[in-house]
Amino acid sequence: MAGPDSRHTEAQRSPDSRRVVDPAVEGPLSLRRQDGALIITIEREERRNSLNRATLEAFGNVFRYHLTPDDRAVMVTGSGARAFSAGADLKERREMSLDDVRAQLLRYRTDLAWLSTCPVPTIAAINGAALGGGLELALLCDLRVAAPHASFALPETSLGVIPAAGGTQYLPRIVGAAKARELILLGTRLSAADALRIGLIHRVSDVETSVLDDALAWIQPITHGAPLAQRAALRALRAAERLDLDAGLTFELGCYEACLTSQDRVEALEAFAEKRPPVFQGR
Ligand code: COA
């Protein structure tokens with residue numbers, strides 16, 4: 001996460017930066033802040049928000065230069081209503097040498113994978129089709145909210161490759177081994193309702209509401225909650241995916257310790273006694 005001395009814009013510093021367009025647009029991405037969340041929008045509607053080299057690098061720059069300690073969540077979405085992201089930019093890919101493709105695959109890990117280890121929760125607001133690398137981008141996020149017309153697939157095997165931006169590893173962890181085999185080997189395309197049913201996404205927005213507004217409202221318990229507890233819970237939850245139970249339980253106690261000594265814990269107990277909402281400071 002960018003430190004206090006990193007490149008902050010005036011817009012970011014403003015105390016009233018709840019709905020501000022960040023002038024430091026990162027090429028194919030735009031950034032803005034709303035309701036405590038840093039919102040990253042892929043601005044390649046004409047190519048259905050597919051991920052070319054510049055877009056992946058811009059994602060890396062968001063983490064390196066734009067994410068600040070005040071951001072309580074990171075939300076990723078796509079421009080337009082057709083696609084969240086159509087995955088790899090197949091037109092660019094066609095021009096790439098084998099080494100270019102290898103370098104591009106590594107870029108998913110260096111410039112995009114921070115979404116899965118980000119200190120604050122990451123949310124995909126899926127505004128349309130999430131295909132291939134576009135779905136893998138959503139899988140990196142902690143939470144997924146989709147518009148009712150969104151669709152989902154990992155069609156890579158039908159294109160002679162495999163989902164290698166984490167798809168074969170994240171998908172089984174999210175939907176289970178059996179469903180992941182089906183989705184990857186058959187390239188099955190799912191509707192938002194089906195994706196919700198198998199646990200691929202957490203929520204489908206109402207048809208009347210924009211998925212971004214719906215997702216922002218839904219995550220208010222995160223953006224209005226106790227920051228240190230949110231971060232500690234995230235560390236413990238992510239550890240559950242790589243540790244055995246005994247090691248995980250020990251790790252969990254360590255995460256609790258970070259909350260135990262916080263002023264926010266004391267504030268929550270005082271607020272309860274005084275029958276008022278707590279005011280958390282993140283200390
Ligand atoms: N890479 C590069 N360009 C892409 C693209 C991709 N992954 N997906 C779509 N585009 C381009 C199209 O080539 C088209 O460009 P053109 O106007 O120059 O012909 C433009 O985006 C619009 O695409 P279109 O298919 O007409 O849009 P749609 O809204 O009807 O459908 C999708 C959107 C995403 C469902 C459809 O484009 C699609 O299935 N794309 C391929 C997805 C895919 O297989 N991804 C790779 C996974 S490994």
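No hydrogens, no waters, no symmetry mates; every other heavy atom, side chains included, goes into these values. Start at 1 and go down the list; that is how both ligands and their atoms are numbered.
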Linked, directly or transitively: Leu139 and Ile126 (ILVMFWY side chains, under 4.5 Å): yes
For atom 7 (N) of ligand 1, closest protein heavy-atom neighbour: Ala88 O, 2.9 Å
Polar atom proximity, Glu46 to ligand 1 (N or O, under 3.5 Å): yes
Protein residue, atom and distance nearest to atom 38 (C) of ligand 1, heavy-atom basis: Leu131 CD1, 4.1 Å
Atom 9 (C) of ligand 1 protein-contacted, heavy-atom criterion under 4.0 angstrom: yes
Exam field: side chain Asn52 to backbone Thr55, donor-acceptor pair closer than 3.5 Å: yes
Over 12 foreign heavy atoms within 6.0 Å of CZ, Arg181: no
Numbering as shown, the atoms of ligand 1 that approach Glu156 to under 4.0 Å (heavy-atom distance): 48 (S)
Ionic contact status for Lys179 with Glu182, cut-off 4.0 Å: yes
Within-cut-off N or O pair, Ala86 and ligand 1, under 3.5 Å: yes
More than 12 heavy atoms of other groups within 6.0 Å of Arg94 CZ: no
Side chain, backbone, both or neither: the part of Val161 lying under 4.0 Å from ligand 1 by heavy atom: neither
Check: Leu90 N/O within less than 3.5 Å of ligand 1 N/O: yes
Numbered atoms and elements of ligand 1 in range of Arg189, under 4.0 angstrom, heavy atoms: 35 (C)
Nearest-option assignment for atom 12 (C) of ligand 1, heavy atoms, candidates Arg47, Glu45, Lys91: Lys91
For Arg82, the ligand 1 atoms whose distance to one of its heavy atoms is below 4.0 Å: 28 (P), 29 (O), 30 (O)
Atom 25 (O) of ligand 1: any protein heavy atom closer than 4.0 Å: no
Atoms in ligand 1 with a heavy atom of Gly132 nearer than 4.0 Å: 47 (C)
ILVMFWY network linking Leu38 to Trp114, side-chain heavy atoms under 4.5 angstrom: yes
Option among Asn127, Asp213, Asp214 that satisfies the side-chain hydrogen bond (donor to acceptor under 3.5 Å, both in side chains) test with Ser205: Asp214
Lys/Arg N to Asp/Glu carboxylate O, Glu57 vs Arg107, below 4.0 Å: yes
Ligand 1 contacted by Arg44 (non-hydrogen, < 4.0 Å): no
Contact check, side chains of Asp194 and Arg197, non-hydrogen atoms, under 4.5 Å: yes
Ion pair check, Arg33 and Asp70, cut-off under 4.0 Å: no
Nearest-option assignment for atom 23 (O) of ligand 1, heavy atoms, candidates Glu92, Glu136, Arg48: Arg48
Pro155, any N or O under 3.5 Å of ligand 1 N or O: no
Pair Arg238 + Asp142: basic N to acidic O under 4.0 Å: yes
Heavy atom of protein closer than 4.0 angstrom to atom 48 (S) of ligand 1: yes
Heavy atom of protein inside 4.0 Å of atom 36 (C) of ligand 1, strictly below: no
